[in-house]
There are 2 protein chains.
Amino acid sequence: MEAATLKDIARELNISVSTVSRALRDSYEINAETKRLVMECAARLHYRPNPIALSLKGSSSKAIAVVVPQIANYYFSQAINGIEEVANRRGYDVLIFQTHETYEREVANLRQAVARRVDGVLISLSSETSDTSHLQELQQHGMPIVQFDRVSGELNTPRVVADNFGGAFAATDHLIKTGRRRIAHLTIQPWLSITQERLAGYRAALEQNGLPYDESLVRFGTFGPDEVGPLVDELMALTPRPDAFFTASDRLALGCLAALRQRRIAIPEEVSLVGFTNLTVADMLSPSLSTVVQPAMEIGQEAVSRLLDLIELKHRAAPPTTITIPTTMVLRESSQLAVGRFEEV
Amino acid sequence: MEAATLKDIARELNISVSTVSRALRDSYEINAETKRLVMECAARLHYRPNPIALSLKGSSSKAIAVVVPQIANYYFSQAINGIEEVANRRGYDVLIFQTHETYEREVANLRQAVARRVDGVLISLSSETSDTSHLQELQQHGMPIVQFDRVSGELNTPRVVADNFGGAFAATDHLIKTGRRRIAHLTIQPWLSITQERLAGYRAALEQNGLPYDESLVRFGTFGPDEVGPLVDELMALTPRPDAFFTASDRLALGCLAALRQRRIAIPEEVSLVGFTNLTVADMLSPSLSTVVQPAMEIGQEAVSRLLDLIELKHRAAPPTTITIPTTMVLRESSQLAVGRFEEV
DNA sequence: TTGTACGCGTTATCAT
DNA sequence: ATGATAACGCGTACAA
């Protein structure tokens with residue numbers, strides 16, 4: 001690909017590259033006529049400054065890296081949507097990397113990001129990552145880093161997360177307030193911060209309503225499409241059996257819904273269901289399923305916004321805050337009806 | 001961010017940068033001992049060649065641009081997943097741009113891609129784009145381009161698309177073979193190539209089975225979450241009324257499913273349903289909904305593979321082929337049962 | 001076998 | 001007000 005350079009303009013106008021450079025940057029010490037000529041010529045040749053040359057010269061590449069477990073996932077694709085929007089508006093390009101939930105690829109991705117001389121890193125840790133020394137090293141070398149969603153307490157950076165505690169509390173409390181007493185909680189990997197926060201919200205709601213916490217009602221895992229059914233069977237075999245399910249992901253909510261219907265368990269007469277899901281899924285399922293909606297896009301926007309502030313202002317003394325974005329509980333109609341909505345889909 | 005350079009290694013070892021450069025490239029004319037020393041030092045300093053300097057020097061940036069309408073969409077996020085995988089394996093980074101379905105942003109994104117000196121462009125046109133002169137100009141300037149999914153016939157590039165005709169034919173034929181005669185088709189914007197191909201497959205299946213094509217059974221549009229219900233009502237008010245729906249997107253499939261259930265229309269006793277959807281959605285809904293699955297990831301992989309071939313081999317005489325990736329029809333059990341599966345979800 | 005010089009596009013620092 | 005030059009990191013033709 002050819003592209004006009006300062007040299008092209010200089011040659012065209014028989015002046016020097018530095019004059020062209022200054023004219024385009026609107027330097028005060030330059031002849032108005034020359035300036036006009038340069039501007040005109042630049043426009044005619046569709047001149048764009050070469051960001052690569054700029055990167056090589058200065059220390060800024062006007063690009064940031066976003067490292068996520070996977071793109072093909074509603075949550076992360078919505079987050080990236082928000083990230084891209086804000087980043088572009090502030091003049092940054094976005095390089096996207098997938099870890100595929102492995103530590104190895106996470107490290108490789110960060111190397112690649114460094115090689116590309118990105119100005120900062122936005123990361124949601126892979127589920128395999130427990131040791132964060134690779135990120136700490138990066139940070140000590142001066143790379144601005146912001147964590148979002150899957151964050152580590154070890155790592156001293158700003159963190160942007162959903163209000164997992166609040167969302168889980170609201171969902172559980174809602175179920176209790178509508179008469180449920182044995183609420184099963186189907187959730188993901190136990191070592192993730194988001195899992196722990198949701199579990200804490202669930203427990204707090206039980207406690208505040210004077211209900212016991214029963215370990216046997218809580219199940220952690222990475223359940224495949226065919227594993228939810230047996231899990232539901234196992235839980236429904238308990239005595240007394242659950243009268244509600246609170247699920248932590250899209251897959252779990254849909255899997256649970258399908259399993260209950262297949263087993264001819266009336267929803268919500270016998271069992272209620274609330275899912276912690278994403279906006280798009282909630283959208284598609286509405287007006288069928290009440291959900292706690294994850295603010296994925298807002299998290300992305302807030303996270304990138306923090307990162308760009310960090311990059312541009314270089315807050316050396318930036319206190320590593322945790323920013324919590326509220327979740328929304330979507331009940332299609334009145335809260336009384338809401339429990340009854342699950343009969344449809 | 002600091003990062004080791006050739007100069008750092010040279011200084012450390014008291015030799016010249018060019019010696020270091022050659023040692024690392026394993027030049028045959030170099031002292032084995034020097035080579036070993038350089039290698040060791042490079043490893044110790046975590047040396048990575050600076051791709052920015054390489055881009056500035058040569059003509060290759062080892063990066064490609066992917067321009068899609070939106071990321072927060074199962075189809076495109078899966079496609080990007082495939083693209084990223086293959087690109088990384090072949091040593092390329094991926095820059096992602098969203099058009100948000102506007103022509104204006106498509107043009108801006110391509111400018112940005114050119115400014116970043118990408119080696120090639122993978123694009124799925126925005127729904128607003130009918131004039132492709134911006135891409136033609138880019139191509140004439142020598143930029144390798146491959147279109148996927150939303151393609152234009154005007155633009156003389158390789159095209160990678162799903163077998164929309166075949167998929168629509170299979171779905172329609174399946175419905176007819178299981179006794180349906182009045183099959184409504186809910187689909188998206190009529191000017192998109194994918195829409196036309198699916199419509200053609202639908203028509204062909206009707207024709208081959210000796211059924212008439214009834215315009216009033218086909219509806220085009222960008223239906224919001226609350227618009228599918230009324231549309232279904234309108235269609236069900238026709239005489240004779242439809243006994244099946246074939247829908248062209250995730251949203252339409254789910255919206256249609258919800259609308260039918262809400263209206264107490266028995267599926268499939270009264271009305272059958274098959275959706276043209278994505279793997280992840282099909283996955284989540286299974287074993288509830290039979291679908292024609294779009295091969296999003298495979299399309300991404302094939303498209304990027306073609307693009308990289310174009311970049312690396314510079315096939316000047318590359319015949320602009322259209323590569324068609326087959327779709328898969330997912331019937332959860334036997335084809336007889338399949339029609340009966342829709343009662344669940 | 002190793003070192004020197006140049007160029008990629010840009011800006012900053014001199015000089016004129 | 002404008003021009004020449006150095007520097008960013010790299011590879012390579014050329015010189016030693």
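Per chain, numbering begins at 1; letters A, B, ... match sequence-line order.
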In whole angstroms, the gap separating P of C:dT10 from NZ of A:Lys62 amounts to 16 Å
Classify B:Arg22 by what it touches in the nucleic acid, base, sugar-phosphate, or nothing, heavy-atom distance under 4.0 Å. base
Could you check how far CG of B:Leu56 sits from C1' of D:dC8, rounded to whole Å? 9 Å
Under the 3.5 Å rule, do the base of D:dA4 and the side chain of A:Ser16 count as making a donor-acceptor pair? no
Mapping A:Ile15 and B:Leu6 to their closest nucleotides on DNA chain D, which lands nearer the 5' end? A:Ile15
Assign each of B:Lys57 and B:Thr34 the nucleotide of DNA chain C bearing its closest heavy atom; nearer the 5' end lies the nucleotide of B:Thr34
When A:Val17 and B:Ala53 are each assigned the nearest nucleotide of DNA chain C, the 5'-most assignment goes to B:Ala53
Using a 4.0 Å heavy-atom cut-off, does A:Leu54 contact any base of the nucleic acid, only the sugar-phosphate backbone, or nothing at all? sugar-phosphate
Could you tell me whether the side chains of B:Asp119 and B:Tyr92 share a donor-acceptor contact shorter than 3.5 Å? no
Integer-rounded Å distance: D:dG9 C1' and B:Tyr47 OH: 8 Å
Could you give the CD-to-P distance, from A:Glu33 to D:dT2, as a whole number of Å? 10 Å
Select base, sugar-phosphate, or nothing to describe what A:Ser55 touches, counting heavy atoms under 4.0 Å on all strands. nothing
Just how far, in rounded Å, is C1' of D:dG9 from CD1 of B:Ile9? 12 Å
Could you tell me if A:Thr322 and A:Arg159 have a donor-acceptor pair between their side chains, going purely by distance under 3.5 Å? yes
Round to a whole Å and report the spacing from CG of A:Leu45 to P of C:dG9. 13 Å
Mind checking B:Ser21 for me? I need base, sugar-phosphate or nothing, with any heavy atom below 4.0 Å counting as a touch. base
Taking CG from A:Leu24 and P from D:dT2, how many angstroms apart are they, rounded to a whole number? 13 Å
What is the distance, to the nearest angstrom, from the CZ atom on A:Arg25 to the C1' atom on C:dG9? 14 Å
So what does A:Ile52 touch, heavy atoms closer than 4.0 Å: a base, only the sugar-phosphate, or nothing? nothing
Correct closest heavy-atom pair for A:Val161 and A:Asp149 would be CG1-O, 3.9 Å
A:Glu101 and A:Ser127: side chain donor to acceptor below 3.5 Å: yes
Less than 4.0 angstrom between a side-chain N/O of A:Lys7 and OP1 or OP2 of C:dT10, yes or no? no
Counting heavy atoms not belonging to A:Glu40, are there more than 12 under 6.0 Å from its CD? yes
